Amino acid sequence: MEVIFSNEDLAMEILSRLSAKNLLRCKCVSKRWMSLISDPSFVRIHHQRSRCISGLLVQEFEEYGGNFFASDYFLYASVNGELSIFKLMDESFPQPSSVIMASCDGLICYRSRRTRDVEVLDIVVWNPMTQERLTLRPTVCHVGTIFGLAFYPFGSSAKMVPCFKVVSIQRPKHDQNSYSFVIYSSETGKWKTSLEVCHCKDELHENKHIYVNGRFYWLTSNQNIITFEVDEELSGVITVPGSKWLDGGARLACLGDSDGYLHYVCIDMSELRVWMLTDPCKPIWVLKHYINIDQFGEESRDHYIHRVRHSPEMIGDSFVVDAQTFHDEVVYLSIRGRLCSYDFKTGRLRFFFNGLYLRHMTKVQATVLPYTPTLATIGIPWLKQNSGSAISFASTSFNYQGRPRKKLKTRKT
């Protein structure tokens, strides 16, 4: 082993193929390994190679005055079979008091639930790998309930230091025909209200938004997409391709990302289409994939016919498909309530055996977000002098086996 790892290039080649969770443990092997794994060039190589998701963050909830319901839940559906992350998520996510908002390159953003007694929501940026959490409470800005997260693993400025931004989109207090944007930056530790205003009468879907290559995208109820370029603070409205939805048709569409391009998935009758936005400035949509989903119904019928017959949400032997999310040429669907994935590269349909079914007839569709742990999240300078918000920070150190210790540090500024 020592002979192999005496060659730094060979050691980097081997270690960069391990998961971020395992690399945290490898840091404790020796000072040499710690130095290698902490090196920025190694972190960059590992980030490029760890683009495949490890699992899906799944949450179903009903939010009425902050009340919690027995049917609300959060779960982590593993894609690569890594059980340590499953346990970490299950034990660490503060359910049922929180609503998950976004996931970006290993960081997760969630907020507190709306209640009649709480005027200011808690917005939390969480790093599951290190158990660091930054709680933000904007006090001088008007924010809504929909938040996006943009993580810059190698910095957004000349400093090349990992940082992130949280963006809130909401109706201005005295204008119900447009949207405003409020931005928090970890570099400055401050919230600011952007001067940009997007004129759009459509309502937003609470959990159908994504950050791709410097832009946020929010899907609206009228088959449009509101865009917001973070650094330049410019917005716009894009019309999606395909047929018009019927009532409740939003469940038949979702947004996703592949190779740094926005993708739009839509289901029309028995056809599933995937469109790629090649240029967000013009915009130009290209039809990338097309399949007939009737084959999914036949394949799942034998396994789940008992569920269909006893479900109060199904009529007879109906075939219900909801589009959940899309990532790296894989579309994630719920078929008869069962979470599954279809890989366009292999043509393989796979069901997730998590023991739970996603409800179809609910006001808010289930939130399903891809999660990819990366080493780049470890180098974020979380605390900054803050103006315009209350801020608290908590972190958990790890023992040599990579498990979080019980001792918790909390700091407030």
Side-chain angles (χ1 to χ4, degrees), residues 63 99 101-102 104 109 111 114 119-121 123 136 138 140-150 156 165-185 190-257 261-266 275-286 323 363-365 367 388-389:
E63 191 171 30
V99 178
M101 288 279 101
C104 186
C109 178
R111 63 165 173 84
R114 292 171 290 184
E119 296 182 0
V120 180
L121 295 175
I123 303 101
L136 308 169
V140 298
C141 300
H142 169 62
V143 300
T145 59
I146 301 177
F147 299 90
L149 175 66
S156 63
K165 293 181 180 180
V166 177
V167 174
S168 170
I169 181 172
Q170 59 282 311
R171 299 282 195 193
K173 290 183 178 180
H174 306 294
D175 183 2
Q176 294 303 303
N177 293 322
S178 63
Y179 286 95
S180 63
F181 306 91
V182 177
I183 307 168
Y184 173 84
S185 171
K190 298 179 181 180
W191 290 91
K192 76 167 185 176
T193 301
S194 173
L195 298 177
E196 180 71 5
V197 174
C198 182
H199 298 282
C200 181
K201 297 181 180 180
D202 301 353
E203 295 298 321
L204 297 180
H205 294 290
E206 185 165 330
N207 52 11
K208 289 186 178 289
H209 55 89
I210 193 172
Y211 172 77
V212 181
N213 201 19
R215 292 176 183 266
F216 284 100
Y217 300 90
W218 294 272
L219 188 61
T220 78
S221 59
N222 198 33
Q223 287 180 272
N224 291 312
I225 296 175
I226 294 178
T227 72
F228 182 69
E229 205 282 326
V230 185
D231 294 334
E232 299 297 328
E233 297 183 27
L234 297 175
S235 65
V237 179
I238 299 174
T239 300
V240 301
S243 304
K244 286 291 183 181
W245 300 329
L246 299 175
D247 291 341
R251 295 178 180 275
L252 305 178
C254 67
L255 302 178
D257 164 40
Y261 290 94
L262 175 72
H263 286 64
Y264 170 71
V265 179
C266 59
W275 300 79
M276 181 176 70
L277 184 65
T278 59
D279 187 348
C281 298
K282 291 187 179 179
I284 299 176
W285 293 97
V286 174
K363 184 177 180 180
V364 179
Q365 185 180 358
T367 298
S389 70

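Computed from a predicted model, the values in this text were never measured in an experiment.
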Calculate, to the nearest 0.5 Å, the distance between atoms [atom1] and [atom2] belonging to [X] and [Y] respectively.
X: Leu219; Y: Leu255; atom1: CG; atom2: CG; answer: 5.0 Å
X: Leu121; Y: Thr145; atom1: CG; atom2: OG1; answer: 7.0 Å
X: Thr239; Y: Asn222; atom1: OG1; atom2: CG; answer: 8.5 Å
X: Tyr261; Y: Asp279; atom1: OH; atom2: CG; answer: 9.0 Å
X: Leu277; Y: Tyr217; atom1: CG; atom2: OH; answer: 5.5 Å

Would a distance-only check, ignoring hydrogens and angles, find a side-chain to backbone donor-acceptor pair under 3.5 Å from [X] to [Y]?
X: Thr278; Y: Ile284; value: yes
X: His174; Y: Pro172; value: no
X: His142; Y: Arg171; value: yes
X: Arg111; Y: Met101; value: no

Legend entry - Which residues share a side-chain hydrogen bond (donor to acceptor under 3.5 Å, both in side chains) with Asp175, sequence neighbours left out: Ser178

Legend entry - Residues forming a side-chain hydrogen bond (donor to acceptor under 3.5 Å, both in side chains) with Glu233, sequence neighbours excluded: Lys192, Ser194

Inset, instruction - Establish, yes or no, whether the cationic atom of Arg215 lies under 6.0 Å from the six-membered ring centre of Phe228 and within 45° of the ring axis. - result: no

Legend entry - Non-hydrogen atoms of Ile226 and Ile169 that approach each other most closely: CG2-CD1, 4.2 Å

Inset, instruction - Please report the closest heavy-atom contact between Gly144 and Ser168, naming both atoms and the distance. - result: N-OG, 3.1 Å

Inset, instruction - Verify the distance criterion only: is there a donor paired with an acceptor across the side chains of Gln170 and Ser180 at less than 3.5 Å? - result: yes

Inset, instruction - Answer yes or no: is there a side-chain heavy-atom contact under 4.5 Å between Tyr184 and Cys141? - result: no

Legend entry - Check against side-chain hydrogen bond (donor to acceptor under 3.5 Å, both in side chains), Ser221 and Glu203: CA-CA 5 Å; Ser221 59; Glu203 295 298 321; over 6 Å; no

Legend entry - side-chain contact (heavy atoms from CB on, under 4.5 Å), paired with Leu262, selected from Ile225, Thr227, Ile238, Asn213: Ile225

Inset, instruction - Would you please test Glu196 and Ile183 for side-chain contact (heavy atoms from CB on, under 4.5 Å) and show each step? - result: CA-CA 11 Å; Glu196 180 71 5; Ile183 307 168; over 6 Å; no

Inset, instruction - Would you please name every residue forming a ring-ring contact (aromatic ring centres under 6.0 Å, His included) with Tyr211, sequence neighbours left out? - result: Phe216

